[in-house]
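Okay, structure first, notes after.
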There are 2 protein chains.
Amino acid sequence: MNNPELMASIAAAIGDPARSKILLALMGGRALTPTELSLEAEVAPSTTSAHLAKLHKADLVTVVRQGRHRYVQISNEQVAELVERLGGLSGPVPIKTASGPKDPAMRTARVCYDHLAGELAVRLFESLVRQHWLELKTDGIAITDRGRPILEGFGIDVAALERSRRLTCRQCLDWSERRHHLAGSLGAALLDGILSKRWAERDLVGRTVRFSAKGEKQLKRDFRIP
Amino acid sequence: MNNPELMASIAAAIGDPARSKILLALMGGRALTPTELSLEAEVAPSTTSAHLAKLHKADLVTVVRQGRHRYVQISNEQVAELVERLGGLSGPVPIKTASGPKDPAMRTARVCYDHLAGELAVRLFESLVRQHWLELKTDGIAITDRGRPILEGFGIDVAALERSRRLTCRQCLDWSERRHHLAGSLGAALLDGILSKRWAERDLVGRTVRFSAKGEKQLKRDFRIP
DNA sequence: CTCATACTTCGCTTATTGTCGAAGTATGAA
DNA sequence: TTCATACTTCGACAATAAGCGAAGTATGAG
């Protein structure tokens, strides 16, 4: 059964504005340094250090040292999903950023931990199912025999994904669209492929993924997205 | 986009052992009084009052007055799902209870907010899909034309469920089985039906649902569960 | 080797939180 | 009307937490 003490400690670890900012910043999927996170959280580096210690103790983040740099990441996708759920419950608010209408861009395509989220991601997922390249089952989502060559044609080593212990396919609730997009190792591989083919690029900061006109066209063609 | 302040306040509201115990107690789906919750949380009534005020402020619970009694419930199923997710992340631990092997009973059938969870619930859901009475789609789970008479035969007013604003069908991750069971208004209606037919009964305290031998047989027969 | 950078630890201050018993308020039974 | 019950509010106490600047440690550039 659930352990209220442990549950409370996890929630308490998240339950501070600075730590929430840190977790949300990490939801972009990038490993960030304490200095970067200090800027995101708008607290002093020493305070950030203490916060990271708490997040680490609660197993919400991992830290890897590389020379004098520390790289912080969200521990695993269960944590990512929890943060996303908490985010969804707290509802979307407008982004206060310097340039242009960013929120629409975020709705269209963004990184959710390690996979693509947003309207395009939702439609991609729907198309994969509609084309019977993925099959929805009660115990998960399966890559079909029809879908395998399509995904391999896109450059994904499907066999390797399936050999991995990690879930290949998982639905992730897209808070901006209130439908699902594809998470799991296949979701991550699709994003990697999109980025490596330069159909889209990430913003330098933040989570937005911007498709070029050509890239979006290519995505829609290859995956039969209306 | 996500609001870190609001996200932090929701998580902080959960992030105390006493409040976690309160929320987990409420996950049984029953409205409980502050006195009952005080016993569950193992704190003084005045402390419970303060905790309930915090949970209410964070919109995690609702309180209804009935004479001198207050009845507390979880606000909505998004909150229930969040609590379930947090519970899943913190992992199951053995129940320390007076009588018998409760944990196995909890794995078999229990209440998850307002619907059935556990091994039987998972198999019920799988069967509903396998029999094509429910259909998995990327935008949700639909009751099929084939399934409609089956559910109505069980005593469920399917049209009324579908007219409701609430989601009829939703997958809920069963932490004990690591597969999904059925939540949403259909999930709740199924549980109501099972209880009203006396195929199963709830324990007086806690979340366990106990099927009689006859009731389990009936469930398996009517819903083609192997 | 020296200096700069990244990051943590320490000590301190301030604020917040959780707990309780006692008192108070509202409701219901007798 | 009186007494019991359910629950909240108040005041007090103790513990915890978040914040910072300064100092310390480790790494890397020049």
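Reckoned from all heavy atoms, side chains included, excluding hydrogens, waters and symmetry mates. Order of the sequence lines sets the chain letters (A, B, ...), proteins ahead of strands, with each chain counted from 1.
Residue Leu55(A) contributes atom CG, which lies 10 Å from atom P of dA18(D) at whole-angstrom precision. The CD-C1' distance, from Glu5(B) to dA18(D), rounds to 15 Å in whole Å. Spacing between atom CD1 of Ile22(A) and atom C1' of dC7(C) amounts to 14 Å, rounded to whole angstrom units. Spacing between atom CZ of Arg70(B) and atom P of dT5(D) amounts to 17 Å, rounded to whole angstrom units.
Annotation: side-chain hydrogen bond (donor to acceptor under 3.5 Å, both in side chains) contacts of Glu77(A) (sequence neighbours excluded): Arg166(A), Arg170(A). The salt bridge (charged side-chain N to carboxylate O under 4.0 Å, His left out) check on Glu152(A) picks up nothing, with sequence neighbours excluded. Applying the ring pair (Phe, Tyr, Trp, His ring centres under 6.0 Å) rule to His181(A) yields the partners His115(A); only residues at least two apart in sequence or on another chain are considered. A search for side-chain hydrogen bond (donor to acceptor under 3.5 Å, both in side chains) contacts involving Gln171(B) returns nothing, not counting sequence neighbours. Applying the ring pair (Phe, Tyr, Trp, His ring centres under 6.0 Å) criterion to Phe223(A), with sequence neighbours excluded, gives Phe154(A). Residues satisfying the salt bridge (charged side-chain N to carboxylate O under 4.0 Å, His left out) test with Glu201(B), not counting sequence neighbours, are none. Considering only residues two or more places apart in sequence or on other chains, Thr33(B) meets the side-chain hydrogen bond (donor to acceptor under 3.5 Å, both in side chains) condition with Glu36(B). Residues passing the side-chain hydrogen bond (donor to acceptor under 3.5 Å, both in side chains) test with Gln218(B) are Arg221(B), sequence neighbours excluded.
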Could you go through nucleotides 23-30 of chain D and list every protein N or O atom that sits under 3.5 Å from one of its N or O atoms, giving the distance for each pair?
{"from": "dT27(D)", "atom 1": "O3'", "to": "Arg68(A)", "atom 2": "N", "distance (Å)": "3.2"}

Report each atom pair, protein N/O against N/O of nucleotides 15-19 of chain C, whose distance is under 3.5 angstrom.
{"from": "dG18(C)", "atom 1": "OP1", "to": "Arg19(B)", "atom 2": "NH1", "distance (Å)": "2.9"}
{"from": "dG18(C)", "atom 1": "OP1", "to": "Arg19(B)", "atom 2": "NH2", "distance (Å)": "2.9"}
{"from": "dG18(C)", "atom 1": "OP2", "to": "Lys54(B)", "atom 2": "NZ", "distance (Å)": "2.5"}
{"from": "dT19(C)", "atom 1": "OP2", "to": "His51(B)", "atom 2": "NE2", "distance (Å)": "2.2"}

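The stretch residues 25-37 of chain B does not touch DNA chain C, since none of its heavy atoms comes less than 4.0 Å from the strand.
Atoms OG and CG, on Ser164(A) and Asp157(A) in that order, are 11.0 Å from each other to the nearest 0.5 Å.
For the side-chain hydrogen bond (donor to acceptor under 3.5 Å, both in side chains) condition, no pair includes a residue of residues 63-75 of chain A, sequence neighbours left out.
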